[in-house]
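These notes concern the structure reproduced below.
Counting convention: from 1, in listed order, for ligands and their atoms alike. The model shown is predicted, which means the values in this text are computed figures rather than measured ones. One is the number of the first residue; the rest follow in order along the sequence.
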Amino acid sequence: MTTTSADTIETALVTGASRGIGRAISKDLAGSGRFVYLNYHSNKEAAQQTLDHIKEQGGNGALIQFDVTDRQAAEDAVKKIISEKGTIEILVNNAGIREDRLMVRMKEENWQRVLDTNLSSFFNVSRLVVKNMLSRQYGRIINIASASGQVGQAGQVNYSASKAGLIGATMALAKEIAKRNITVNAVSPGFIETEMVEGISLEKITQAIPAGRLGKPEEVAATVLFLCSRQAAYITGQVIGINGGIC
Ligand code: NAP
């Protein structure tokens, strides 16, 4: 079982934990003894399935519904967790969407929704969590970025901008709080088999991936799990690609 220096079970909050990568991360964190708050937006059924699976495997957690674009709702949720558990040791900012189209056809709402969900969410959810971590002098924050934020992807001006912004925020926050035993890192997946890539023509993309295949959510989760560990104390402000060699 994973314990803090105070011998309590660590508390984790994973946004977008109902499906895909967030689900895999939540399962791994719960499987390693953490109590995991599984955030979701609208898919309660999927979130409940994730929690049921965690409990079947002997883990523990709870659902916490909120929209990461709603700062008040996010801060209320963080306050609720802190009032229940006293502390949040691990925050995984994973919730994200894409609304792809060429820039010339992009509507303002496509731009705004993606920036709000993938980037402003970082601020909405993390601010109070960081305050709590500072008071405890310990924490692990992992932001799920994307290869698109590192190299740009045609049709994803909004998404690439949001993930590049998230990488910048990761590096800046890491520098602000490194001395307090709080690490902040970004994991940057390439193409991963989740509902997010449904509808994308994957044949050409797969040919361009040196590994010759898409990644699995579990392959992202394994790195996140390590970054959440005590052993990862000296890794901060980094962007770790999980992309089959695509960049
Ligand atoms: P997914 O299967 O589409 O799942 C998205 C998750 O985000 C769901 O749990 C969804 O909740 C949640 N979510 C969306 N909008 C939200 C909001 N406003 N408030 C709270 N939760 C919200 O996506 P995924 O592939 O697992 O992606 C997870 C993260 O990895 C994203 O940040 C994505 O950008 C990043 N990523 C994915 C890939 C890939 O190839 N799949 C590659 C690079 C980076 P509901 O179920 O309630 O809707």
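Checked for salt-bridge contact, Glu75 and Lys79 miss the test: no charged N lies under 4.0 Å from a carboxylate O. A salt bridge links Glu10 to Arg230: at least one charged side-chain nitrogen sits closer than 4.0 Å to a carboxylate oxygen.
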Check against side chain to side chain contact (heavy atoms under 4.5 Å, CB included), Asn185 and Asn143: CA-CA 6 Å; Asn185 291 291; Asn143 299 318; over 6 Å; no
CA sep, side-chain torsions, deciding dist, call: Ser148, Gln156, side-chain hydrogen bond (donor to acceptor under 3.5 Å, both in side chains): CA-CA 8 Å; Ser148 301; Gln156 292 195 327; 2.8 Å; yes
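Side-chain contact of Asn93 with Ser126: a donor-acceptor pair under 3.5 Å is present, judged by distance alone.
At a heavy-atom cutoff of 4.0 Å, ligand 1 is surrounded by Gly16, Ala17, Ser18, Arg19, Gly20, Ile21, Asn39, Tyr40, His41, Ser42, Asn43, Phe66, Asp67, Val68, Asn94, Ala95, Gly96, Ile97, Thr117, Ile144, Ala145, Ser146, Tyr159, Lys163, Pro189, Gly190, Phe191, Ile192, Thr194, Glu195, Met196, Val197.
Note on residues 98-133: no pairs pass ring pair (Phe, Tyr, Trp, His ring centres under 6.0 Å), not counting sequence neighbours.
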